[in-house]
K.L.:
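To start, I am sharing the structure in question, which I have written as structure tokens.
Just the heavy atoms: all of them, side chains too, but no hydrogens, waters or symmetry mates, feed the values below. Below, read A as the first sequence line, B as the second, and so on, with proteins coming before strands; counting in each chain starts at 1.
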Amino acid sequence: MKLATWNVNSLKVRLPQVLDWLARQQPAVLCLQETKLEDHAFPLAEIAAAGYRAVWHGQKTYNGVAILCRDEAVDVSRAIPNFDDPQARLIAATVDGVRVVCGYFPNGQAVASDKYEYKLRWLAALRTYLVTEMSHHDRLALLGDFNIAPEDRDVYDPVAWRDQILCSPKERAAFADLLGLGFKDAFRLFEQAERSFSWWDYRMMAFRRNHGLRIDHILLSPDLASACRTCSIDREPRRLERPSDHAPVVAELC
DNA sequence: ATGGCTTGAGTGTCAAGA
């Protein structure tokens, strides 16, 4: 069973790339972030024609998340319970006995900004929610754009990024806190090339220079982690014309 | 140098991303 996550930066623009990628990779589950579509505009017909079902949670202009899956998605929940959030950043569903939580974590803009405070509150609410989810689901996966580079090795220039947004100690502590619940970072279960990243700025030829960050992650509960056989970042879509600035991350479970 | 691209909004040019 293949689980994947991809921040597509507009599903409207990237739909042909998503359909191509589904046909090639055939994942059981693909979590999407930054769909940037209102719910009525979600392209269900095209996705269904590709052999996938979908559940989604969107809004105008910004944010928006979706879970595409081969089999039925049940027990769908949209947004973090008990957290008043006007932004469409989370959707969860159970697929093939796996509880899938798809999140588009806040960016935070700058340390000490209002958006940073919102990011920290969002992370605290997510943690509370995941404690509950873990108590109900042994097979639990959290996938998405975390907007956190967990360690210096996840950053192309750790000195320049020290204490900056996506790398600040409080953000990294929140990530470590999720690992403290028992989650494993699927990517780090395996030997990986140095300087492996999942996002590269559109500007300054950042992709060609591999000036990136690893901010898209797949976290697995202990049961799923022991079933995980590979985890990799697929840089191919980043090479296409009009790419998303993020690459898909894929984990294979047995 | 707070820029550099890209998207969505909307038809000017800005907000937001990371």
K.L.:
Suppose you measure atom P in B:dG10 against the same atom in B:dA16; what distance do you get, rounded to whole Å?
P.N.:
14 Å

K.L.:
With sequence neighbours excluded, what pairs up with A:His211 under the ring-ring contact (aromatic ring centres under 6.0 Å, His included) test?
P.N.:
A:Tyr156

K.L.:
Is there any side-chain hydrogen bond (donor to acceptor under 3.5 Å, both in side chains) pair reaching into residues 97-112 of chain A, and which pairs are they, with sequence neighbours excluded?
P.N.:
A:Glu34-A:Tyr104, A:Thr94-A:Arg99, A:Arg99-A:Glu133

K.L.:
With a 4.0 Å cutoff (strictly under), does any side-chain N or O of A:Tyr104 reach OP1 or OP2 of B:dA18?
P.N.:
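Indeed, a polar side-chain atom of A:Tyr104 lies that close.
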
K.L.:
What residues join A:Tyr62 in its hydrophobic cluster, counting side-chain heavy atom gaps under 4.5 Å, either direct or through other members?
P.N.:
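Besides A:Tyr62, the cluster holds no residue at all.
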
K.L.:
Just to be sure I understand the rule, does A:Glu34 reach a base, reach only the sugar-phosphate, or reach nothing, if contact means heavy atoms closer than 4.0 Å?
P.N.:
sugar-phosphate

K.L.:
The criterion is side-chain contact (heavy atoms from CB on, under 4.5 Å); which residues satisfy it with A:Arg229, sequence neighbours excluded?
P.N.:
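Expected list: A:Cys254.
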
K.L.:
Round to the nearest Å and state the distance from A:Asn63 atom CG to B:dA15 atom C1'.
P.N.:
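Rounding to the nearest Å, CG of A:Asn63 and C1' of B:dA15 are 13 Å apart.
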
K.L.:
How far does the P atom of B:dC14 sit from the matching atom of B:dG4, given to the nearest Å?
P.N.:
12 Å

K.L.:
Expressed as a whole number of Å, how far does the P atom of B:dT13 sit from that of B:dA1?
P.N.:
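Rounded to whole Å, the distance is 27 Å.
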
K.L.:
Whole angstroms only, please: what is the CZ-P distance between A:Arg89 and B:dA16?
P.N.:
12 Å

K.L.:
State which residues pass ring-ring contact (aromatic ring centres under 6.0 Å, His included) with A:Phe146; sequence neighbours excluded, sorted by chain then number.
P.N.:
A:Phe105, A:Phe175, A:His217

K.L.:
Output one letter per nucleotide in nucleotides 2-14 of chain B: B when a protein non-hydrogen atom lies under 4.0 Å from the base, S when only the sugar-phosphate is that close, - when neither is.
P.N.:
--BBSSSS-----

K.L.:
Write down the distance between CD (A:Gln33) and C1' (B:dG17), rounded to a whole number of angstrom.
P.N.:
14 Å

K.L.:
Heavy atom of residues 105-115 of chain A under 4.0 Å from DNA chain B: which residues?
P.N.:
A:Asn107, A:Lys115

K.L.:
How would you list all residue pairs meeting ring-ring contact (aromatic ring centres under 6.0 Å, His included) that involve residues 218-240 of chain A, not counting sequence neighbours?
P.N.:
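Listed by first then second residue: nothing to list.
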
K.L.:
Of all of residues 144-156 of chain A, which get a heavy atom below 4.0 angstrom from DNA chain B, listed by number?
P.N.:
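Those residues are A:Asp145, A:Asn147.
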
K.L.:
Quick one: salt bridge (charged side-chain N to carboxylate O under 4.0 Å, His left out) partners of A:Arg127, sequence neighbours excluded?
P.N.:
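Only A:Asp177 meet the salt bridge (charged side-chain N to carboxylate O under 4.0 Å, His left out) criterion with A:Arg127.
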
K.L.:
Of all the heavy-atom pairs spanning A:Arg188 and A:Arg214, show the shortest one and how long it is.
P.N.:
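Heavy atoms only, the tightest pair is NE-NH2, 3.5 Å.
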
K.L.:
Side chains of residues 64-84 of chain A: which donor-acceptor pairs under 3.5 Å do they make with residues two or more places apart or in other chains?
P.N.:
| from | atom 1 | to | atom 2 | distance (Å) |
| --- | --- | --- | --- | --- |
| A:Arg70 | NH1 | A:Gly51 | O | 2.9 |
| A:Arg70 | NH2 | A:Gln26 | OE1 | 2.4 |
| A:Arg78 | NE | A:Trp56 | O | 2.9 |

K.L.:
Can you see whether A:Asp234 engages A:Trp21 through a side-chain donor-acceptor pair at a distance of less than 3.5 angstrom?
P.N.:
yes

K.L.:
For a quick check of understanding: with a heavy-atom distance under 4.0 Å over all strands, which category does A:Leu166 fall into, base, sugar-phosphate or nothing?
P.N.:
sugar-phosphate

K.L.:
Taking only residues two or more places apart in sequence, or in another chain, which ones meet A:Lys2 in a side chain to side chain donor-acceptor pair (under 3.5 Å)?
P.N.:
A:Gln25

K.L.:
Check whether any side-chain nitrogen or oxygen of A:His246 sits under 4.0 Å from OP1 or OP2 of B:dG17, and answer yes or no.
P.N.:
no

